[in-house]
Asker: 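Structure in C-alpha cells, see below.
Throughout, protein chains are lettered first and strands after them, A, B, ... in sequence-line order, and every chain is numbered starting at 1.
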Amino acid sequence: MAQIMNVIEATGRWVRFRIEEAGRAGRFIEEAARATVSLRSWFPNATLQMRRLGVDSLPIGLLIAVFTGIVLALLASYSFTGAVPLYFVGTLVEKTITLELAPVLTGLALAGRVGANIAAELGTMRVTEQVDALETLAYDPDAYLVVPRVFAGTLMFPLIVGVAMIVGLGAGWLASIGFLQLSTDEFLKGARMFYTAFDVEYGLVKAASFGFAVTLIGCYKGLRARGGAEGVGNAATAAVVYSAVMILVLDAFWAMTWLHGRS
Amino acid sequence: MIKWLDVYKAFGEKKVLDGFTLDVHEGEAVVIIGYSGAGKSVAIKHVVGLLEPDRGTIEVDDKDVPTLPRKELYELRAHIGYVFQFAALFDSMTIGDNVAMGLRKRGELSESEIAQRVGETLELVDLPDVQQQYPAELSGGMRKRVGIARAVALRPKYILYDEPTTGLDPVTSAVIDELMIRMREKLGVTSVVITHDMRSAYRVGSRIAMLYEGRVRQVGTVQEIQQSKDPIVRQFIEGRATLEDGESHSPTKPGAAIAGGATARGGGRV
Amino acid sequence: MKRGNDFIVGLVVIGSVVAIVLFSLWLSQASLGSKEKDVVARFTDVGNAKVGNSVVIRGVQAGRIQSIELETTGWVLVKMSLDQDIKLPSNPVVVLSESSMFGEWQATIMERSAAPDDADVQQQLAQSAAVGRGNAIPGARLPDIAQLTAVAGRIAGDMSRVADRFQVAFDDRAAAELRQSIRNFADLSAELERTVRSQSQSLSQLGADVHKTVGTINATAVAVQRTADRVDSSTSKGQIHQIMDNVGQASEDIKVTSHDLRDASHSLMATQQQLSSVLTHADSVLGKIDRGQGSLGMMVNDPTLYQNGDALLSQMRELVAEIRAHPRQYLSVKIF
Ligand SMILES: Nc1ncnc2c1ncn2[C@@H]1O[C@H](COP(=O)(O)OP(=O)(O)O)[C@@H](O)[C@H]1O
Ligand SMILES: [Mg+2]
C-alpha cells in the first residue's frame, strides 16, 4: 500500500516538475522574444556569435558532407545493381543530401558543437556570477547573451547546410566518376531529373529551425546551470541531448506538415 | 537610502533570511559582518533585484525593488555599483572592456571619455597597466580590484562591496580600505560592505551590523559594537573559537571558516 | 579583432548565399545571364507534365515549363520560358509527351504540319486553336506509356483472335477466313506501327526499340500473309512443305521479336495476360496438329515446324516466367 502511494507521489512530483520546467522554458522564450526588440543591445554581438557558432562550424559541416556524398554514391550504385540505370545515383545523392542528410547530419554535429559550447559558456558565466554582474551593469542577459546566439544559429545553420549540400553533391559526383565509371553528364542527368528548388528550400528551412532550437536549448540549459563545474557539465550534456532529440522531432514535424502531401 | 524591512528568503527547505531588517542612510558606510553562509551576500543581492524576497520589502530611494517594472529596475541598477565576492569578471573581455561595460551601456560618454575614465579608475585601484590583459592572466587579488574598478567606474550613488578585501595581502587590503573611505568622503557614495576582517570593518564602517541566523543580531556604531555585551557578537569580533563563558558555540557552519579565497572563482556560492 | 569578425562573417555569409543560389539555379538548369521570353500554350489536358520539365524545339532543349494553371474556362494554360534568341516555327503547336520511361515529361514545340498524324492529337490541336485567339499556342498531349501499353494489349488481344482463326483455318474449312484474319493481323500491326511512329518522335530511345519490334512484327505478318496466300491455292504435299518452311521462318521471326520485346518493354508486364492467352491458343493449335487432326495434320511430319513452334513456345513461356519471377526489373522505378 505504502509503496503504491510512493509510486503515485513520485509520478505526481515528476509531472509537476515537467510542467514547471515547461512553464520556465515558455517564460524564457517569451523573455528572449521581448529582448529581441531592443536591436541595439544585441546586434553588435551577433557577428561575434555568427563567427563562433557559424563560420567556425563550417569545417565540420563540410567534412560530414564530403563523406556523406561519397557513401551515398556507393550505396546507391550498390542498391541499383542491374535493373535501374546507373545515372539514378545522381538522383539519389541529390534528393537525400538536400532533403535529409545535409540538414540532419550537420544539425546533429552542430548540436554537439554549438549546443555544448553555448551551454558550457553561459553555464560558466552563470555559476561564476558573470550573468549577475551583467544584470547589475544594467544589461539584460536575454538581450545580451541569448538573442545574438539564437539569431546567429538561425541564420548560420542554413548557410552551413547549404554549403554542405553543394559539397556533398560534389563529393557524390567525384565518387561516381572515380569509383563507378559514371560520366559527369550521366550523374548530372540523374541529379537534375527530379530536382526542384523545393528540395533546397525544404532543407534550408529545416536547418534554420534546427539552428533556432539548438541555440535556444543551449542558452536555456546554460543560464539554468547550478553549482559549479559539475553543474556546467550537466548543462552541456543536457543541451546536447535535448538538441539532438529536438532535431529529430523537428525533422519528423517538417516531414509530416510540409513534405507530406506534396506529390 | 537602502532599507530592508522584515525580509524572508529561503532556498527550498533552507531559511537564509528570517526577518532581516536594516536601514542604510545617505552617506553612510554600513558594514555587515557574520559567519560564512549566514546570508550576507543573499541580503545585498536583494538590493539590486538579483534575488526576490519570499516576504518583506526592500526599498532603495523609496522605490520597492521587487515590484519595480523592468525598465525602472534597470535604471535603478545603473546607480548601484556591485562588487562581487569572486569579482565575476567577464572572462571573454579584456580588463579595459570589463571596466568600460557599464559606461558603454549607459551611453553618456564618448569612446574617448570612456577610455579616459577606465584609465583613471584602474589607476585608483592601483592597476595601471592591465587594460589589454584578460582576467585569466591576473591574480585573484588583482581580479578583485578590477571588480571594484568596474563598479566604481560608473560613479554610482550606492556601492555594495561583497568581501572586497578577503584573500588580499594586508597592504592591498589597506589600499582598498582607503579607496572605500575616499569614495564615501570625496564622492559622497553610500556603501554597504560585507567583510570578515574586523580591522577593515572598524576602519571603513560608520556603523556595523551583525547578521546572525537570518536577522540582524546587533547594529551600532563602531564603538557600540566594540563594547557589545552580546556574547555571540563578542565571539565574532574577537575571533575566538568558543563563547566567553566557555560554553561551546556552534555557528551555522562549524568552525566558521573564512569563505573561499579570491582564487576560488567558479566554485559556486559558499 | 571585432573588425576581423565582421569581415569574415560577411565574407562567409555573402559567399555561401551566392553559392547556394547558383547551385540551385544550376541544378534546375535555369539560365542566368541570357534573357528569357515566355510562351503560353493552351491544353485540354496536360497529362503528367510538371513545372520545370524541359521544352524542346527540333530535339534541342530550349527552356523549361514555368507554370501550369487551370483556367476557369476549363483549359489548362502552360507557360514556358524560352531562351530569348530562340525562333519559334511560323505556325507553332506544343505537344506534351513522355520523354523517359520513368514518367518524365517534356513539351515539344513544332510546326503545325509536323504534329503527329493522330486523330486524337489533331482534334485536341484544332479545339485549342479554335478558342485560341490572343497569343496562346494550341497544344495537345500524346498518350503516355500506360496508354501505349493499353494499345499493345489490344493488339495482343487481336493476335489471340488471329490465333483463334488460325485454329479454324487449319481445320481446312475456311482458308478464305484465314486469309481475312491474317489480313486483319497485318492491319493491326500496321496500326501498332503507326501509333508507335507518332509516339517515337518524342520517345527517342524507347520509341526506337518499340519501333524495331513493331517492324519485325510487321515483317512477320507479311510473311504469314504470304504463307496464307499460298495456303489458298495449295493442295500438293510439296507446296505444303514449302509453306511449312515459311511458317517456320515466320516463327523464327516471332522468336526474334519476342527477344526485342523483352529488351524494349517494361510494359510487357501489363500484356502478360494476353500473351498467355495467345500461348494457350497457339498451344492448342499445335496440339491439334500434333494429334494429326485436320487435313494439315501432316505438318506433324515436318520436324522443322514442330521444333520451331515448340522452341518459340518455350521461349515465350520462359519470358513470361521471368517477368513473373522478377517483376521489379520490368516495373518502372517510381520510388524516387
Ligand atoms: N541561488 C541560491 N540557491 C540556493 N541556495 C543559495 C543560493 N544563494 C545562496 N544560497 C544559500 O544561502 C546561504 C547563504 O549564502 P550567502 O549569502 O552566499 O552566504 P554569505 O553570508 O557567506 O555571503 C548559503 O547556505 C547558500 O548555500
Ligand atoms: Mg558571500
Asker: What distance separates C/S16 OG from A/M156 CE, expressed to the nearest 0.5 Å?
Answerer: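 Between atom OG of C/S16 and atom CE of A/M156 there are 6.0 Å.
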Asker: Taking all non-hydrogen atoms of both residues into account, name the closest pair between C/I20 and A/G162 and its distance.
Answerer: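 Closest heavy-atom pair between C/I20 and A/G162: CD1-CA, 3.4 Å.
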Asker: Determine the sole option in A/V200, A/D199, A/L169, A/T196 for which the side-chain contact (heavy atoms from CB on, under 4.5 Å) test with C/L27 is passed.
Answerer: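 Of the listed residues A/V200, A/D199, A/L169, A/T196, the side-chain contact (heavy atoms from CB on, under 4.5 Å) partner of C/L27 is A/L169.
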Asker: Taking every heavy-atom pair that is under 4.5 Å apart, which of A/T98, A/I166, A/V55, A/L155 has the most such pairs with chain C?
Answerer: A/I166
Asker: Please state whether the side chain, the backbone, both or neither of A/E94 comes within less than 4.5 Å of a heavy atom of chain C.
Answerer: side chain
Asker: List the steps, then state whether side chain to side chain contact (heavy atoms under 4.5 Å, CB included) holds for C/W26 with A/L188.
Answerer: CA-CA 10 Å; C/W26 174 73; A/L188 276 184; 3.2 Å; yes
Asker: Between A/R51 and C/F7, is any pair of side-chain heavy atoms under 4.5 Å apart?
Answerer: no
Asker: How far apart are the C-alpha atoms of A/M50 and C/V12, what are their side-chain angles, what is the distance that settles it, and do they pass the side chain to side chain contact (heavy atoms under 4.5 Å, CB included) test?
Answerer: CA-CA 10 Å; A/M50 281 160 79; C/V12 169; over 6 Å; no
Asker: Check whether more than 12 heavy atoms from other residues, nucleotides or ligands sit under 6.0 Å from atom CH2 of C/W75, and answer yes or no.
Answerer: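 Correct, the count exceeds 12.
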Asker: With a cut-off of 6.0 Å (strictly less than), are more than 12 heavy atoms of other residues, nucleotides or ligands near CZ of A/F67?
Answerer: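 Check fails, neighbour count at 12 or below.
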